[in-house]
Amino acid sequence: MKTNLIGLPIPTRDGEFTAHYSETGLPGLDFPKPGRNSRPKAGVIPIPKIVREWHRTTTQALKAVLAGGLPKGLPPLDWTEGTAFQQKVWKVMGKIAPGKTLSYGEIASAIGKPKASRAVGGACGANPIPVLVPCHRVLAANKKIGGFSGGMDWKYRLLEREGVRVGAV
DNA sequence: AGCCAGTCTCGGA
DNA sequence: TCCGAGACTGGCT
């Protein structure tokens, strides 16, 4: 666990996301939570300059993705807490262009384990940085929506915004 | 369309 | 270390 974990809000037209920053980058991003969330940390801990910079980048990137586009840049993603397998999966997912989708099986093949599609699904669900790591662009083999940890409606909304038509569940 | 078995990883007991 | 469960797949009924 990181010591100086800082949570900063990112207001968007879709609600207020929360970005978490460690000393080395961005380890997590939260979807807007229902109700109001308290986040006193920002006022207590002095925010390092580098974090403010990351936050600006993150905000831009997030909004770009929410608009169905490609972020100009990303902050350093700190997913060192994930297992080696998960990191491979996330890295592959990060290369999916807006408007494109891959199946769990294709991801599995991409990391050299064509039969690990189900495990890939698990890694997607464990993705701590949704949206920026486009886990929503991963569909089941027959283009079914599958599932989404942040809520199915998000997955639908994000994909539709990118012009992707998904099959019914 | 629905059910079943194969496959792989993760997390808890 | 073993066991169950999962955002999967492909095949069979």
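Keep in mind that the numbers below use all heavy atoms, side chains included, and drop hydrogens, waters and symmetry copies. Throughout, a chain's letter reflects where its sequence line sits, starting with A, and its residues are numbered from 1.
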With sequence neighbours left out, the residues meeting salt bridge (Lys or Arg N to Asp or Glu O under 4.0 Å) with A:E106 are none
Partner set under salt bridge (Lys or Arg N to Asp or Glu O under 4.0 Å) for A:R118, not counting sequence neighbours
none
Strictly by side chain to side chain donor-acceptor pair (under 3.5 Å), give each pair with a member in residues 126-135 of chain A just once, sequence neighbours left out.
none
Selection residues 56-69 of chain A - residue pairs positive for side chain to side chain donor-acceptor pair (under 3.5 Å), sequence neighbours left out:
A:Y21-A:T58
Side chains of A:I10 and A:H55 in contact at under 4.5 Å (non-hydrogen atoms)
yes
Which residues share a ring-ring contact (aromatic ring centres under 6.0 Å, His included) with A:W54, sequence neighbours left out
none
Across all chains, not counting sequence neighbours, the ring-ring contact (aromatic ring centres under 6.0 Å, His included) partners of A:F148 are A:F31
A:G125 near the nucleic acid: base, sugar-phosphate alone, or nothing, with a heavy-atom cut-off under 4.0 Å?
base
Acceptor/donor pairs from residues 65-77 of chain A side chains to any protein atom, 3.5 angstrom cut, sequence neighbours excluded:
none

Of all pairs that satisfy ring-ring contact (aromatic ring centres under 6.0 Å, His included), the ones with a partner from residues 88-147 of chain A, not counting sequence neighbours:
A:W79-A:W90
All stems with DNA chain B, defined as three or more consecutive Watson-Crick or G-U pairs under 3.5 Å:
B:1-6 with C:8-13, B:8-13 with C:1-6
Given protein heavy atoms under 4.0 Å, the one-letter contact record of nucleotides 6-13 of chain B, with B base, S sugar-phosphate only and - none, is simply BSBSS---
Suppose the criterion is salt bridge (Lys or Arg N to Asp or Glu O under 4.0 Å): which pairs have a residue in residues 147-157 of chain A, not counting sequence neighbours?
A:D14-A:R157
Covered region of DNA chain C, 5' end to 3' end, by chain A [heavy atoms, under 4.0 Å]
C:dG6 to C:dG10
